[in-house]
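Below is one structure, written out as structure tokens; the observations come after it.
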There are 2 protein chains.
Amino acid sequence: MPFIEQASEAIRETGGRFTQQRRLIVELLEGAEGHLDAERLYQLAHARDETVSLATVYRTLNVLEGAGLIDQRYLSHSHERKVYEPVGASEHYHFTCTGCGRVIEFETQRVQRLKEALEVGLGVRVEHACLCLEGLCYACRTQQEGR
Amino acid sequence: MPFIEQASEAIRETGGRFTQQRRLIVELLEGAEGHLDAERLYQLAHARDETVSLATVYRTLNVLEGAGLIDQRYLSHSHERKVYEPVGASEHYHFTCTGCGRVIEFETQRVQRLKEALEVGLGVRVEHACLCLEGLCYACRTQQEGR
DNA sequence: GTATGTGCAAAACCTTTGCTATAAA
DNA sequence: TTTATAGCAAAGGTTTTGCACATAC
């Protein structure tokens, strides 16, 4: 099912309303190449529809997250701001280059395996795992190494 | 070398001054059983020495982090606040129970291996890795499961 | 003595919330 | 028509900063 319909249904199921502002925000999230933070999402939405406010962006993001449709992530070590992306099928994580700002996505089973190891070893149930990786990408690394 | 001396030397090496406030904050960080956030550190420090302000706590934490003496961590999924701890020899990470708030420390080589895999696979240099795990500890999990 | 550090209060920053009007159902 | 959602602006919580005074070196 397309993401917009998923969102529309999920919101309506809980008695919520699929307003034009919410529709626009959902469309932008779906179409985004990269990872949007609230401010950027607001800029994009506001450019298309002046009636969208930053408060509505935040409220909509929280609604969508509550419905399990998007994930919050932190990309930087300092975690200044959250970015949001549709929940996908693949377990993927992010590496952010502190040199050029590029975000590299990668898939790995290692986090999943770590979770399983902890559930067995510590007897816990892991509900959230956040992994933020930072450093230099290949281009920035070789450039810094002076060649 | 004791942590206090390390800190004293590191600060002085960069032309900094090892003031009484900084000494106290370093002592508290070293002696802490758990993971202190800035507010808690301020409470402890201020109780012992009224001249310590919250601003000085933050400034000192930043100086110590810059000198590589302490690490910032986020324990919760929502990352509301940072906690600080001396840089240790062991690679350890944290699991926070959302039921009772308990923080479980554990050691693992898995993050280190993930880093190495990325450095080879993507050609990057990983400088920071932040892993935040949340869920239910054994006690809270069994209680919630109703038995 | 000089530069760095300090407290205080105000600002910065991202995010949430109270209120009244609006619009989805 | 009913009730959730909107915008706006103000508040929230954590962290940083400007300034004048204090203090480590």
Side-chain angles (χ1 to χ4, degrees), chain A residues 4-5 7-26 35-43 45-67 70-84 132, chain B residues 4-5 7-26 35-43 45-67 70-84 132:
Chain A
I4 304 236
E5 281 178 37
S8 163
E9 280 193 16
I11 287 174
R12 275 192 257 253
E13 260 169 29
T14 61
R17 287 161 192 190
F18 198 60
T19 61
Q20 67 178 86
Q21 291 90 345
R22 289 184 174 180
R23 167 180 296 277
L24 175 52
I25 290 165
V26 168
H35 304 90
L36 300 174
D37 61 36
E39 180 63 31
R40 182 83 188 113
L41 196 46
Y42 165 68
Q43 289 168 2
H46 194 80
R48 280 222 235 163
D49 175 353
E50 285 206 333
T51 78
V52 177
S53 71
L54 185 55
T56 291
V57 170
Y58 276 110
R59 282 192 272 234
T60 301
L61 288 169
N62 288 336
V63 166
L64 294 173
E65 200 201 359
I70 59 173
D71 271 342
Q72 286 184 15
R73 308 265 189 150
Y74 293 85
L75 297 186
S76 72
H77 177 60
S78 52
H79 297 198
E80 297 103 5
R81 48 179 65 196
K82 304 171 191 168
V83 298
Y84 300 84
C132 312
Chain B
I4 304 236
E5 280 178 38
S8 164
E9 279 194 17
I11 287 174
R12 276 191 256 253
E13 259 169 31
T14 62
R17 287 157 193 194
F18 198 59
T19 61
Q20 67 178 87
Q21 292 90 344
R22 289 183 173 181
R23 167 181 295 278
L24 175 53
I25 290 165
V26 169
H35 304 90
L36 300 175
D37 60 37
E39 180 63 33
R40 182 83 189 112
L41 196 47
Y42 166 67
Q43 289 168 2
H46 193 80
R48 282 222 232 162
D49 176 351
E50 286 206 333
T51 79
V52 176
S53 71
L54 185 54
T56 290
V57 170
Y58 276 109
R59 282 192 273 233
T60 301
L61 288 169
N62 288 337
V63 167
L64 294 173
E65 200 202 359
I70 59 173
D71 271 343
Q72 286 184 16
R73 309 265 189 147
Y74 292 85
L75 297 186
S76 74
H77 178 60
S78 51
H79 297 200
E80 296 102 5
R81 49 178 64 191
K82 304 172 191 167
V83 298
Y84 301 83
C132 312

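Every chain is numbered from 1 and lettered A, B, ... according to where its sequence line falls, protein lines coming before strand lines. Predicted, not measured: the structure shown is a model, and the values here were computed from it.
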*Could you state the atom-to-atom distance from CG of Leu61(B) to P of dT6(C) in whole Å?*
12 Å

*In residues 8-19 of chain B, which ones come under 4.0 Å of DNA chain D, going by heavy atoms?*
Arg12(B), Arg17(B), Phe18(B)

_Toward the 5' end of DNA chain D, by each residue's nearest nucleotide, Tyr42(A) or Gln21(B)_ = Tyr42(A)

*asked:* Distance check needed: dT5(D) P versus Leu24(A) CG, whole Å only.
replied: 17 Å

*If only side-chain N and O atoms of Arg22(B) are considered, is one of them under 4.0 Å from the OP1 or OP2 phosphate oxygen of dT6(C)?*
yes

*Between dT15(C) atom P and Arg40(A) atom CZ, what is the distance in whole Å?*
16 Å

*At under 4.0 Å, does any side-chain N or O of Tyr58(B) touch on OP1 or OP2 of dT16(D)?*
no

_Nearest listed nucleotide, side chain of Ala55(A), among dC8(D), dT16(D), dT6(C)_ = dC8(D)

*Is Gln72(A) close to Glu65(A) at the side-chain level, that is, under 4.5 Å between some pair of heavy atoms?*
yes

*Looking at every strand, decide which applies to Asn62(B) at a 4.0 Å heavy-atom threshold: base, sugar-phosphate, or nothing.*
sugar-phosphate

_Tell me the closest heavy-atom pair linking Val57(A) and Ala38(A), and the distance in Å._
CG1-O, 3.8 Å

*asked:* Just to verify, what does Arg12(B) make a side-chain contact (heavy atoms from CB on, under 4.5 Å) with, not counting sequence neighbours?
replied: Ser8(B), Phe18(B)

_Whole-Å gap separating P (dA12(C)) and CD (Glu39(A))_ = 15 Å

*Between Asp37(B) (CG) and dT15(D) (P), how many Å, whole number?*
7 Å

*Side chains of Leu24(A) and Thr19(A) in contact at under 4.5 Å (non-hydrogen atoms)*: no

_Interatomic distance, Leu54(B) CG vs dT17(D) C1' [rounded to whole Å]_ = 13 Å

*Would you find a donor on one side and an acceptor on the other, under 3.5 Å apart, between the side chain of Arg22(A) and the backbone of Thr60(A)?*
no

_Would you say that Glu39(A) contacts Leu54(A) through its side chain, given a criterion of any heavy-atom pair below 4.5 Å between the two side chains?_
yes

*Please tell me which of Gln20(A) and Arg59(A) maps to the more 5' nucleotide of DNA chain C, matching each residue to the nucleotide holding its nearest heavy atom.*
Arg59(A)

*asked:* Rounded to whole Å, how long is the line connecting atom CZ of Arg23(A) with atom P of dT5(D)?
replied: 15 Å

*Just do the side-chain contact (heavy atoms from CB on, under 4.5 Å) check on Tyr74(A) and Lys82(A) with the steps written out, would you?*
CA-CA 5 Å; Tyr74(A) 293 85; Lys82(A) 304 171 191 168; 3.2 Å; yes

